[in-house]
Amino acid sequence: MKSGKLIVLTGPSGVGKGTLVRSLLNRHPELDLSVSVTTRKPREGEVEGQHYYFVSRSRFEEMVEAGELAEWAEFAGNFYGTPYFALQQRTREGKWVLLEIELEGARQIRDKFPEALRLFILPPSWEELERRLRSRGQDSESAIARRLLRAQEEIEAAREFDFQVINDDLEVALKGLESVLFVSGGK
Ligand code: 5GP
């Protein structure tokens, strides 16, 4: 039986992590996405339990107090966290669980689960990142400014990760991720 594995995917807001994750999940049924809890309001088209579990600030605080989150962080004015429950259950089932999370959370996962494979997605350039973030049209100008500030900090930490993949051409980036996950065997 295959054993479960944790895979952390981090990268600045707007770098295209969501698209990469969706493509990976479509191509590889052995991968499972960890659904996070967040205090952020749902964006148009986001589905409860699929993209996130959308919770109130007080519910989030309760989960932190009760030790229900494997990691959590504040990001651009909202809270995000990974519930322990599904992580443990799925890795026990032998699943490879993908965590799409920001830098602080990735550091907490590194400390708690040093065996987790940690990947960082880089934009081809700073200008392109800014363009992508704006062209989503999903965030206010102040939210974009907060996300750009955070993006700078995250990119500076890219070398903390086991592998870095540049998302210029989607197909090339996917192949890069697949070769880390399935060919090189990770770490
Ligand atoms: P967004 O609001 O764009 O969906 O996500 C903002 C940031 O929060 C992204 O960088 C995303 O990877 C990160 N994020 C999503 N879920 C979690 C989580 O459970 N924990 C942490 N630490 N970050 C998360």
Side-chain angles (χ1 to χ4, degrees), residues 6-25 31-57 59-64 66-88 90-91 97-113 116-123 129-158 160-161 164-165 167 173 177:
L6 287 185
I7 300 150
V8 174
L9 208 68
T10 300
S13 190
V15 79
K17 284 171 297 185
T19 311
L20 285 168
V21 165
R22 274 195 304 279
S23 309
L24 277 176
L25 292 172
L31 293 177
D32 213 353
L33 182 67
S34 157
V35 179
S36 301
V37 286
T38 184
T39 61
R40 170 167 76 59
K41 297 274 169 291
R43 293 189 182 122
E44 209 176 307
E46 284 185 332
V47 178
E48 165 76 15
Q50 186 184 325
H51 296 92
Y52 282 108
Y53 296 105
F54 296 97
V55 297
S56 64
R57 180 84 175 249
R59 176 68 191 121
F60 192 95
E61 282 165 2
E62 266 172 31
M63 293 181 86
V64 171
E68 290 175 33
L69 301 179
E71 61 73 34
W72 66 272
E74 187 181 358
F75 183 94
N78 296 297
F79 289 90
Y80 298 81
T82 302
Y84 255 119
F85 178 74
L87 275 197
Q88 286 165 332
R90 288 173 185 166
T91 43
V97 185
L98 209 56
L99 275 64
E100 194 240 284
I101 60 178
E102 54 67 70
L103 178 63
E104 290 307 321
R107 286 175 171 155
Q108 293 168 43
I109 294 291
R110 173 193 60 197
D111 295 342
K112 282 189 183 156
F113 306 97
L117 179 65
R118 296 175 319 119
L119 312 172
F120 195 92
I121 313 297
L122 284 162
L129 182 70
E130 195 166 343
R131 194 195 63 73
R132 287 183 195 172
L133 205 49
R134 288 184 193 284
S135 69
R136 297 205 293 206
Q138 288 168 326
D139 300 295
S140 65
E141 200 47 47
S142 67
I144 290 174
R146 284 200 299 266
R147 282 166 186 264
L148 282 171
L149 200 66
R150 187 72 169 242
Q152 218 165 354
E153 292 166 17
E154 295 206 321
I155 289 172
E156 279 165 16
E160 287 178 24
F161 287 70
Q164 296 78 25
V165 173
N167 187 19
L177 288 174

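Note that ligands are numbered from 1 as they come in the structure, with each ligand's atoms numbered from 1 the same way.
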So, regarding G81 and ligand 1 (criterion: nitrogen or oxygen to nitrogen or oxygen, under 3.5 Å), is there a contact or not?
yes
Any idea which protein heavy atom is nearest atom 16 (N) of ligand 1, and the distance to it?
S36 OG, 3.1 Å
Are the side chain of N167 and the backbone N or O of V15 linked by a donor-acceptor pair below 3.5 Å?
yes
I need the atoms of ligand 1 closer than 4.0 Å to a non-hydrogen atom of R43, numbered in the order shown.
1 (P), 2 (O), 3 (O), 4 (O)
Are K17 and ligand 1 in contact, using a heavy-atom cut-off of under 4.0 Å?
yes
E154 versus ligand 1: do any nitrogen or oxygen atoms come within less than 3.5 Å of each other?
no
Minimum-distance protein heavy atom relative to atom 3 (O) of ligand 1:
R147 NH1, 2.9 Å
Any heavy atom of R40 closer to ligand 1 than 4.0 angstrom?
yes
For ligand 1, find out whether one of its N or O atoms is nearer than 3.5 Å to an N or O atom of R136.
no
Side-chain donor or acceptor of K112 paired with backbone N/O of A70 under 3.5 Å:
yes
Enter the distance from R59:CZ to Y53:OH here, rounded to the nearest 0.5 Å.
12.0 Å
Which pair of non-hydrogen atoms, one from P12 and one from K17, has the smallest distance, and what is that distance?
O-CE, 4.0 Å
Anything under 30° is parallel, anything over 60° is perpendicular, the rest tilted; go ahead and classify W72 against F79.
tilted
Identify the heavy atoms of R136 and R147 that sit nearest to each other, and give their distance.
NH2-NH1, 3.6 Å
In this structure, does ligand 1 have an atom that sits under 4.0 Å from one of the heavy atoms of R150?
no
Option nearest atom 18 (C) of ligand 1 (shortest heavy-atom distance, choices E71, H51, E102, E46)
E71
Between R90 and L33 (side chain of the first, backbone of the second, donor and acceptor by atom type, cut-off under 3.5 Å), is there such a pair?
yes
Can you pull out the closest protein heavy atom to atom 15 (C) of ligand 1? Residue, atom name and distance to 0.1 Å, please.
Y52 OH, 3.2 Å
Y80 versus ligand 1: do any nitrogen or oxygen atoms come within less than 3.5 Å of each other?
yes
How many angstroms lie between atom OG1 of T38 and atom NE2 of H51, to the nearest 0.5 angstrom?
13.0 Å
Sole residue of Q108, E68, E71 in side chain to side chain donor-acceptor pair (under 3.5 Å) with T82:
E71
Minimum-distance protein heavy atom relative to atom 11 (C) of ligand 1
E100 OE2, 3.5 Å
Report, in ascending order of atom number, the atoms of ligand 1 lying under 4.0 Å from any heavy atom of G105.
22 (N)
